[in-house]
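Everything on this sheet refers to the single structure shown next.
So that the names make sense, note that chain A is the first sequence line, chain B the second, and so on, each numbered from 1. What you see is a predicted model, and the numbers here were worked out from it, not measured in a lab.
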Number of protein chains: 2
Amino acid sequence: MTDMDAYERLIKTFTPRDDLSSDDIALLRSMPLRIATYGKGEEIIAQDSEVSESCLMMTGWTGRAVYLESGKRQITALHIAGDFVDLHGFTLKYMDHSVVALTATQVAFVRHDELKKITHVSPHLTRLFWMLTTIDGAVQRTTIASLGRRPALERLGHLLCELDCRLSVVGLAQDHRYDVPLVQEELADILGLSVVHMNRTIQDLRKAGLVTWQGSRIVIHDFGKLTQFSGFDPRYLNFIKRER
Amino acid sequence: MTDMDAYERLIKTFTPRDDLSSDDIALLRSMPLRIATYGKGEEIIAQDSEVSESCLMMTGWTGRAVYLESGKRQITALHIAGDFVDLHGFTLKYMDHSVVALTATQVAFVRHDELKKITHVSPHLTRLFWMLTTIDGAVQRTTIASLGRRPALERLGHLLCELDCRLSVVGLAQDHRYDVPLVQEELADILGLSVVHMNRTIQDLRKAGLVTWQGSRIVIHDFGKLTQFSGFDPRYLNFIKRER
DNA sequence: CGAAAACTTGAGTTCACTCAAGAAATGTGG
DNA sequence: CCACATTTCTTGAGTGAACTCAAGTTTTCG
């Protein structure tokens, strides 16, 4: 995991969803990448800025943060290894949110002119990059449904189910055990709760016997039960191989 | 407006964001469309189905509805003339939500094999279609921020500002006046509120003197003030012409 | 080891929810 | 075109989930 190069990382993001031809792979490998590292808490991309490259996560956790006038913050998405955090910036340029490193992070930047080139030479890869942004949209819809219609405890349960699935695919979770290197204030900003209520909700989840959660280590005791309790259906993550 | 054909409708969705060449336009016009109409309340696309075409709104209002196990419903997005409701279906196929007609509706379906053809012959149009899905994502992020961090009254104000902008662009709002043909239960499902609280929030907005709202007719008295009150910044709608 | 950050608990408040019922508007059949 | 049924809107009352403020405890880190 640790010495995987950025191209491998990118290829592994696509392959659970569709097969890549050797031409596709060669083309991906021809894209110049700029590797960068960030410390915990650093801002990788500023809200309201204009971008000319997009960033693929190699290691660490990042979040998309929207800062409101009121001083409140909402984290609209969480990103881990293999996620293309701001690929939407390719077609939008304008960043309606910032990207912050929630842990020490390594990312690979791809210039937009390289992506543009791909739209000229590979319709298939173009559709796959496009797909990454639409999967992102599907995750966002699920978040909207959670924030709008699920009480705090179910919301947290749903998030843990989603993270379990996503972390498993990139090898960061095994047997429904994984690390969430986030403080409760960050979790609160993801789930739209106050810090105090976040804390109490975590305790409720522990008391319900659904998880063990010590420090950053999470163990889901009965994944099926948590899934059912929180109404989690993994299909929106589109981890299914098909012609795209 | 009424006799505008579907191709004009589509072209007018792109042109506020980028210029189209005559080749682009010719290519769009070469796509076969299937026009369909739906009555108020009808389901246009079912949740959990697989799709092979995507639908462009001609007239009426539709919503993307997520139905939860609890019986609750969240409307994750609202769509009006010119919106490509489920263009994300092109790259995903699987529908994580249903699309429902909130009023009588006319739509134009485009087959996915036609869109696929476009990815082979026009990189520029491909990027523009892709852009439509990423703008959709930007709207969703704003919704997440609203649901997570804004109280009911601001949430409603923000929605009205967004609708004002979007309806204006397609000629359905003038001077900050427009019709919202939705019942309070639907608005509640959009804003993540109960029907009773939705009703009281509308009354609060009226009492605050920010809008007149009789039947479906909405008049925003001071758009700048409503904008400021609800923290609305239209940039996320990407109504800006640039090379894409 | 001490300071800072993160977590936890208590207490009081507020925003939003549910249940219930009545009023107003809308639609439909005779 | 009216009368009745249904839907939608509105109001009241009580409840509950989540919030704020404040302080104490534990953990982390230099």
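When the P atom of D:dT10 is taken as reference, atom CD of B:Glu185 falls 14 Å away, rounded to whole Å. Here D:dG16 presents its P atom at 18 Å from NE2 of B:His197, a figure rounded to the nearest Å. Look at CG on A:Leu153: it is 11 Å from P on D:dA17, rounded to the nearest Å. Spacing between atom CG of B:Asn199 and atom P of D:dT7 amounts to 18 Å, rounded to whole angstrom units. One can place CD1 of B:Ile202 at 7 Å from P of D:dT10, the figure rounded to the nearest angstrom. Atom pair B:Gln214:CD and D:dC9:C1' shows a separation of 15 Å (rounding to whole Å applied). Separating the CG atom of A:Leu205 from the P atom of D:dA17 is a distance of 16 Å, rounded to the nearest angstrom.
Contacts with DNA chain C (heavy atom under 4.0 Å) in residues 63-80 of chain B: none are found.
For the side chain to side chain contact (heavy atoms under 4.5 Å, CB included) test with A:Leu210, the passing option among A:Asp204, A:Leu153, A:Leu205 is A:Leu205; the others fail. Applying the side chain to side chain donor-acceptor pair (under 3.5 Å) test between A:Arg64 and each of A:Asp136, A:Asp86, A:Thr76 identifies A:Asp136 as the sole match.
In this structure, B:Arg177 places its CZ atom where only 12 or fewer heavy-atom neighbours from other residues, nucleotides or ligands lie under 6.0 Å away. Annotation: B:Glu185, atom CD; neighbour count of heavy atoms from other residues, nucleotides and ligands within 6.0 Å does not exceed 12. Within 6.0 Å of atom CD in B:Gln228, 12 or fewer heavy atoms from other residues, nucleotides or ligands are found, so the atom counts as exposed in its surroundings.
Counting 5' to 3', DNA chain C first comes under 4.0 angstrom of a heavy atom of chain A and last does so at the ends given by C:dA6 to C:dA11.
Side chain to side chain, A:Tyr236 and A:Glu162 meet the donor-acceptor criterion of an N or O pair below 3.5 Å.
In this structure, A:Arg166 pairs ionically with A:Asp83, as a charged nitrogen and a carboxylate oxygen lie closer than 4.0 Å.
Contact annotation: the side chain of B:Thr105 approaches that of B:Met57 to within less than 4.5 Å [non-hydrogen atoms, C-beta and beyond].
Under the 30°/60° scheme for interplanar angles, the aromatic rings of A:Phe232 and A:His158 are found to stand perpendicular. The aromatic rings of A:Phe109 and A:Tyr38 stand perpendicular to each other, their planes meeting at an angle above 60°, with 30° marking the opposite boundary.
Between A:Arg206 and A:Arg149, the residue whose closest nucleotide on DNA chain C is further toward the 5' end is A:Arg206.
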Protein-proximity profile, nucleotides 22-30 of chain D, B/S/- by nucleotide at the 4.0 Å heavy-atom cutoff, equals ---------
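Nearest heavy-atom pair, A:Tyr178 versus A:Leu172, reported as atom, atom and distance to 0.1 Å: CB-O, 3.6 Å.
For the pair B:Gln184 and D:dT7, the criterion of a side-chain N or O lying under 4.0 Å from OP1 or OP2 is not met.
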